[in-house]
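Heads up: the structure comes next, in structure tokens.
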Amino acid sequence: MSLKSGTINQFEDYSNFSDLQEFNRHIEMWMLQYKDDFSKGQLVALKRIVRYSAKIPGVCNAKIGTMLKSINEEYNGNGISRSTFKRMIQKAVALGIFTVYETERKNGSQSSNLYVFNRYPKMTSTHHEPPKKEILNHHNETSNPFKTKQNIKERKDVPLDFTFTSDRVPVSFVNAVKPFFPEAKIIEEYWKMATIAASKNNRDGDCVDMIELSIKAFKQMIIKLKRHNVHNPFAYFYGILIRKLEELYYQELEESEEYFADSISKQRKEASKKSELFLLLQEVLPLA
């Protein structure tokens, strides 16, 4: 059964996520498992549909033409084809990444589809670990509220470990940083630098690329840290990440130019075939 088309706000109940951070964490897990199943052009399409799912986390009601236009504008006229976008949709649906619902206008004609992202089925979190057995048995002992308050006061300066890291920080980034810096505050500071770099390079919606590049930049910083003295590891990490984002931009631009060149080449070959056929028809059926 088709849904009635309308503004994106009317589809708020279809969201499977409490907020944008939770949506991004699930996208991260989907991509960690299935990113290699998509071609480069299909990944561009998938990232675009993720961007258009930010207003209501995990729900997109944009037309394919609208998304193709925005891709084309971002890559200076070197976008992807509609068939590539549709192949991405078919693959994502088959993998269970999102579900597609048809919508129709008041007159019954078909409108733009509704794309509803699904939760990653095997989602786990490093932030919330089950309490240890000995802690569970504490309720059997007589509690002393004054003693508890004193213990908290004595331990307030003890640094919190990675299990207290904010949910805004992607799980895979936490896992990469915690062996070297297990404190939650330091992990969050590194991710803060990554979000600043993303904002400066208009990559706020590219959560998958940002996580991958941030982890690579962090590992590169660790190598430098172990071999030489680094005055400010946070600044050094930020500098590496900025360079990687610039490299990614030129890489994507080069790939889009190659796609555009291939497309022009195919069009010229088709035009040449049509021209040859026209000349042949002229010979067989000369014009009066």
Side-chain angles (χ1 to χ4, degrees), residues 1-75 78-106 108-123 167-168 170 195 198-199 201-212 252 256:
M1 181 178 178
S2 296
L3 306 173
K4 294 296 181 183
S5 63
T7 61
I8 186 63
N9 292 326
Q10 77 178 54
F11 300 114
E12 188 173 359
D13 292 340
Y14 283 82
S15 176
N16 293 312
F17 310 95
S18 58
D19 53 36
L20 188 58
Q21 286 75 27
E22 184 184 30
F23 170 54
N24 285 336
R25 289 200 303 275
H26 280 260
I27 289 296
E28 173 196 355
M29 299 307 292
W30 280 116
M31 290 297 94
L32 284 174
Q33 182 170 354
Y34 294 120
K35 183 178 180 180
D36 292 339
D37 291 357
F38 294 90
S39 68
K40 291 179 180 179
Q42 290 168 1
L43 279 175
V44 170
L46 182 55
K47 290 173 187 176
R48 186 63 45 166
I49 208 169
V50 168
R51 279 193 186 183
Y52 274 81
S53 303
K55 186 173 183 180
I56 295 179
V59 179
C60 171
N61 191 34
K63 297 178 181 178
I64 291 179
T66 301
M67 290 186 277
L68 286 172
K69 183 181 178 182
S70 67
I71 294 171
N72 192 56
E73 289 174 351
E74 181 173 338
Y75 290 100
N78 302 323
I80 61 174
S81 66
R82 180 176 288 267
S83 59
T84 297
F85 204 103
K86 288 187 174 181
R87 282 195 293 271
M88 176 278 295
I89 293 173
Q90 293 171 351
K91 190 171 292 184
V93 169
L95 294 172
I97 297 175
F98 57 69
T99 304
V100 180
Y101 299 91
E102 292 183 354
T103 66
E104 60 179 28
R105 301 181 182 88
K106 292 181 180 180
S109 61
Q110 186 175 350
S111 184
S112 56
N113 288 331
L114 182 72
Y115 307 93
V116 178
F117 281 85
N118 300 315
R119 298 176 68 85
Y120 184 73
K122 301 175 183 178
M123 187 69 174
D167 285 343
R168 292 191 297 272
T195 57
S199 179
N201 288 269
N202 298 317
R203 292 277 179 178
D204 301 287
D206 296 341
C207 60
V208 177
D209 280 340
M210 279 309 305
I211 294 166
E212 186 177 330
E252 290 177 341
S256 62

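Everything quoted here is computed from the prediction, not taken from an experiment.
- No side-chain donor-acceptor contact under 3.5 Å links S199 to the backbone of T195.
- With values rounded to the nearest 0.5 angstrom, E212 atom CD is found 8.5 Å from L32 atom CG.
- Note that CD1 of I211 is 10.5 Å distant from CZ of R25, once rounded to the nearest 0.5 Å.
- Residues satisfying the ring pair (Phe, Tyr, Trp, His ring centres under 6.0 Å) criterion with F98, sequence neighbours excluded, are Y115, F117.
- Contact record, I71 with R48: CG1-NE, 3.4 Å, taken as the closest heavy-atom pair.
- Checking side-chain atoms of S15 against main-chain N and O of P57 turns up a donor-acceptor pair under 3.5 Å.
- Atom CD of Q33 is surrounded by more than 12 heavy atoms from other residues, nucleotides or ligands within 6.0 Å.
- Closest non-hydrogen pair, S81 versus T84, comes out as OG-OG1, 2.9 Å.
- Within the 3.5 Å criterion, the main-chain N or O of N16 finds a donor-acceptor partner in the side chain of R119.
- Separation of atoms CD1 (I89) and CD (Q42) is listed at 10.5 Å; rounding is to 0.5 Å.
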Next item on the list: Output, in order, the C-alpha distance, side-chain angles, deciding distance and verdict of side chain to side chain contact (heavy atoms under 4.5 Å, CB included) for K35 and L43.
Entry: CA-CA 8 Å; K35 183 178 180 180; L43 279 175; 4.0 Å; yes

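- Interatomic distance, F38 CZ to L46 CG, rounded to the nearest 0.5 Å: 5.5 Å.
- One distance of note links CD of Q21 with CG of D167; it measures 9.0 Å at 0.5 Å rounding.
- In summary, the aromatic rings of Y101 and Y14 are positioned with their centroids under 6.0 Å apart.
- What you find for A45 and I80 is that their closest heavy atoms are CB-CD1, 3.6 Å.
- Among the candidates K69, R51, R203, the single residue satisfying the salt bridge (Lys or Arg N to Asp or Glu O under 4.0 Å) test with E74 is R51.
- The side-chain heavy atoms of W30 and P121, taken from C-beta on, include a pair separated by under 4.5 Å.
- Evaluation of the side-chain hydrogen bond (donor to acceptor under 3.5 Å, both in side chains) rule for N118 yields T99 as partners, not counting sequence neighbours.
- Under the 3.5 Å distance criterion, the side-chain polar atoms of S70 are matched with a main-chain donor or acceptor of M67.
- A search for ring pair (Phe, Tyr, Trp, His ring centres under 6.0 Å) contacts involving F17 returns F23, H26, not counting sequence neighbours.
- From N201, atom CG reaches atom CE of M210 across 8.0 Å, with rounding to the nearest 0.5 Å.
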